[in-house]
Amino acid sequence: MDSTENTITCGTTIRGAVIQGRNVEYHAAAESPSPRQLAPAPQVYVNHRSTFASLTRAVTERPEGTAPLVVLLTGMAGVGKTATALRLLHGVSDGFPGGHLQADMSPQGPLRPRDTVAVLQGFVRSLTSHQPDAPLPTDPDELAAHYRTLTSDQPVLVLLDDVVNAGQVRALLPGHPGSVVVVTSRSPLAGLRASHDLVRVPLDSLKRKASKELFEAVAGTGVLDRPSLDGVLHACAGLPLAVRIAGARANELLDMGEDPAGLARELIDRSTRLEALTVPDDLSVAQVFDAVYGSLDKDAAALYRALGLHPTPEFSRGLAERLAQRPGDVRTLVREKLLDPAGEGRLRMHRLVHDHARAAADTHAVDGAVDRCIDWYLVLAAAVERAVSDRWRYGQVFARTDLPAFADVGAALRALEQDRANAVAVVELACTTRRYEAAWQLCEALRGFFYRRKYHTDWIEVCRRGLDAAERTGDPVAEARMHYELAFALSDRGEGDDCADAREHYEHALREATVACHGRTVSSALEGLGLLALRAGEASVAADRFGRAVEALEGIDHPRGRALLTFHLGRARSAERRHQEAAELLLEARSLFAALPDAFNEAKALWHYAQARRRADRLDEALEPLDTSVSLLRPCDAPKELADVLLLRGDVRAELGDQEAAGADWREAAALYKCVGHGEQEQAARSRGFTG
């Protein structure tokens, strides 16, 4: 038998495996290719460019560390989180030779987050594809450790899309500290932020310019005329998914020989907007929001629907909390990006989210939510009205004990300022849902706010709706009061035919209140008619009506009404040039207002007293009451009335020879008139100030 000598001699130490033999077949294991799992990046990407640039710098210029960089992209559904992540990762992929991994962390919706162990198994299989039959650790911790080992030699890119909770992320962080993990989520993932350093980037809706660029990139340039394009972009409200779908739909209509402008009409109409933002058998905005809505628990879903019934997509956090069943429901909707903070104490729904919430509400019983919504505004307006004036009101809301209090008139007016448009819309909501009692009471409660702020267009619109609502209740006093409120608003504006219309409504109020034997409203209507006569230069007619108004109050405890009528009668006597009688009446009115107390009308009484003294050629008796009037009005947040007094004080000072002080008053008056939109009076004051 032949012998074989199997030795190697060499002057150098041999390292590694040595195979020596006569007939040997050796197959070296192929090196495992690094996985490349990233989905294609969108070809058209116009959104979030500044954000994208800062993200790229954060990834490419990251300092060396001991743990992977985690980037968290947050935002509402459809805002472009995944598109931004893919665009980012493809742009930097060459710097990550260890592989590119991607996983959808909630493919069946937020209610069923994907099991992290299943994702780990998939990642490990991809990283060890050269060993398809190799067993995997069964213990989750051992599996995670094995994954970190496999990703420890070279930097790895990981995209975790639609993450539901922080626990889904921690076990999927690679082993190499130069790796980058991009997480997309609607949730802020506070737990992950607490345990790891990360770069958090919230994505917002697109600006109009970017929306237009994205639309035209999908649909083509010039597909829509300017008005139609503006309508489409307004309806999409900067949501990239909506803009893309709208672009695809417009292009489709053009290919079918139809007018793409029809899409604009569908999108402008709230009832067809979501349906229009649908590509059949593919994707839709509503489908995306359905998944988020479906993840909510019963109470949070009820709040979502209730907010959909609110007439506008922005509102007070206090309203949202009033509509919620539990304190945490508002926070849940914010966390799920169905609500966004919109300034101190304010919340906002994206327009399309609001549409979706409204559509969801259409399938449920919602009467209680509408009632709570209207009641919230009614209570707020009544509280503001009570802070502004102690006038008598007919509405039962003023008998409630749950009306909040305000530090002063200014605070009360500011509390309603941000909700002015909402309050107007809620009056309409009350009317369209046949809550007529609430509608006219809300109209009455908004009177003080509108009177002080001089929002006449809104005020008159609300009064017309309030009158219509009162007529439907069958309450003659409510109807008379609404005629009175509308007349008051028209006469306060005093433009064009306003005074003639106001007279007609005052007369309606007088007739109906007389039939109903309601002395207060009879007196109020006569007072209004007297003021119109005074404005028309009919001083004696005005005085007669004021006298009848006093008679109508016989047996009624109404000190404020009597003070007002004394004040008005003093003005009438002054117009009749009965100077001494006018002065006595106006000073009496001042004392009556001070006793109430009512600083606003006390200041007005002094202002008219000064006018009467000036008319009587007693300038020396006019300046001091004007000084007091200015002091009383400054805390009242009544810019129009303050400007009136300053204008008169400037005139008096000029006539007394103090041009410098007069000029200061005129300039301040002009600025105040400008604030409240009284252009003609602004110009009068400004011309005097310039001259002075």
Side-chain angles (χ1 to χ4, degrees), residues 388-392 409 447-448 451-452 484 488 491-492 506 519-520 522-535 537-554 556-616 618-619 621-636 638 640-649 652:
V388 169
S389 170
D390 63 351
R391 73 185 184 99
W392 181 86
V409 172
R447 189 260 192 85
Y451 176 61
R452 290 295 182 91
Y484 166 73
F488 188 89
S491 63
D492 193 66
Y506 277 136
R520 285 180 182 271
V522 169
S523 178
S524 296
L526 286 167
E527 175 191 4
L529 289 168
L531 289 170
L532 289 176
L534 191 58
R535 182 181 296 184
E538 301 169 348
S540 59
V541 173
D544 175 69
R545 287 173 176 167
F546 295 143
R548 290 169 57 197
V550 171
E551 293 172 3
L553 291 176
E554 185 177 354
I556 298 174
D557 182 22
H558 191 14
R560 184 177 183 278
R562 296 178 188 281
L564 281 169
L565 291 168
T566 301
F567 167 55
H568 297 324
L569 186 57
R571 292 178 59 199
R573 295 308 185 207
S574 178
E576 291 179 300
R577 307 195 70 79
R578 295 163 64 171
H579 301 309
Q580 188 58 37
E581 186 178 354
E584 292 172 358
L585 286 166
L586 289 167
L587 287 178
E588 181 186 353
R590 183 264 175 105
S591 299
L592 292 172
F593 286 129
L596 289 175
D598 182 345
F600 176 75
N601 279 309
E602 182 184 355
K604 288 181 67 176
L606 286 170
W607 170 43
H608 283 280
Y609 171 76
Q611 286 182 313
R613 292 289 82 195
R614 183 189 182 206
R615 188 176 287 132
R618 301 296 295 270
L619 280 179
E621 297 177 17
L623 192 56
E624 183 179 347
L626 287 171
D627 291 340
T628 306
S629 182
V630 169
S631 299
L632 288 168
L633 279 173
R634 288 201 184 277
C636 289
K640 164 62 168 59
E641 288 73 15
L642 178 57
D644 290 339
V645 177
L646 287 167
L647 184 65
L648 178 60
R649 190 173 71 172
V652 170

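By convention here, the first residue in the shown sequence is residue 1. Keep in mind that the numbers below use all heavy atoms, side chains included, and drop hydrogens, waters and symmetry copies.
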Can you find a pair of side-chain heavy atoms, one from [X] and one from [Y], that are under 4.5 Å apart?
{"X": "T628", "Y": "E602", "value": "no"}
{"X": "L526", "Y": "Y506", "value": "no"}
{"X": "R452", "Y": "K640", "value": "no"}
{"X": "R560", "Y": "S389", "value": "yes"}

Atom [atom1] of [X] and atom [atom2] of [Y]: how far apart are they, to the nearest 0.5 Å?
{"X": "E554", "Y": "S523", "atom1": "CD", "atom2": "OG", "value": "12.0 Å"}
{"X": "F593", "Y": "T566", "atom1": "CZ", "atom2": "OG1", "value": "8.0 Å"}
{"X": "L632", "Y": "W607", "atom1": "CG", "atom2": "CH2", "value": "14.0 Å"}
{"X": "L606", "Y": "N601", "atom1": "CG", "atom2": "CG", "value": "11.0 Å"}
{"X": "L564", "Y": "L569", "atom1": "CG", "atom2": "CG", "value": "12.5 Å"}
{"X": "L619", "Y": "R614", "atom1": "CG", "atom2": "CZ", "value": "7.0 Å"}

Tell me, yes or no, whether the heavy-atom count around E576 atom CD, taken from other residues, nucleotides or ligands under 6.0 Å, exceeds 12.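 Atom CD in E576 is crowded, with more than 12 foreign heavy atoms closer than 6.0 Å.
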Are E551 and R548 within salt-bridge range, i.e. N to O under 4.0 Å?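 So E551 does not pair with R548 through a salt bridge.
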side-chain contact (heavy atoms from CB on, under 4.5 Å) assessment of L531 paired with R571: CA-CA 10 Å; L531 289 170; R571 292 178 59 199; 3.6 Å; yes
Apply side-chain contact (heavy atoms from CB on, under 4.5 Å) to L592 and R562, showing your working. CA-CA 9 Å; L592 292 172; R562 296 178 188 281; 5.6 Å; no
Can you check whether G448's main-chain N or O pairs, donor with acceptor, with R391's side chain at less than 3.5 Å?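 Answer holds: no.
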Looking at R615, is its backbone amide N or carbonyl O close enough to the side chain of R577 to form a donor-acceptor pair, meaning the two atoms are under 3.5 Å apart?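 A pair under 3.5 Å: yes.
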[X] to [Y] - nearest heavy-atom pair and separation:
{"X": "A552", "Y": "V522", "value": "CB-CG1, 3.8 Å"}
{"X": "L534", "Y": "A575", "value": "CD1-CB, 4.1 Å"}
{"X": "D627", "Y": "R649", "value": "OD1-NH1, 2.9 Å"}
{"X": "D557", "Y": "R520", "value": "O-NH2, 3.1 Å"}
{"X": "A539", "Y": "A572", "value": "CB-O, 3.8 Å"}
{"X": "S491", "Y": "L532", "value": "CB-CD2, 3.9 Å"}

Find out whether the Lys NZ or Arg CZ of R590 is both under 6.0 angstrom from the six-membered ring centre of Y609 and within 45° of the ring's axis.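 No, R590 does not sit over the ring of Y609.
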Option passing side chain to side chain donor-acceptor pair (under 3.5 Å) with H568 (candidates R573, R545, H608, E527):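 The passing option is E527.
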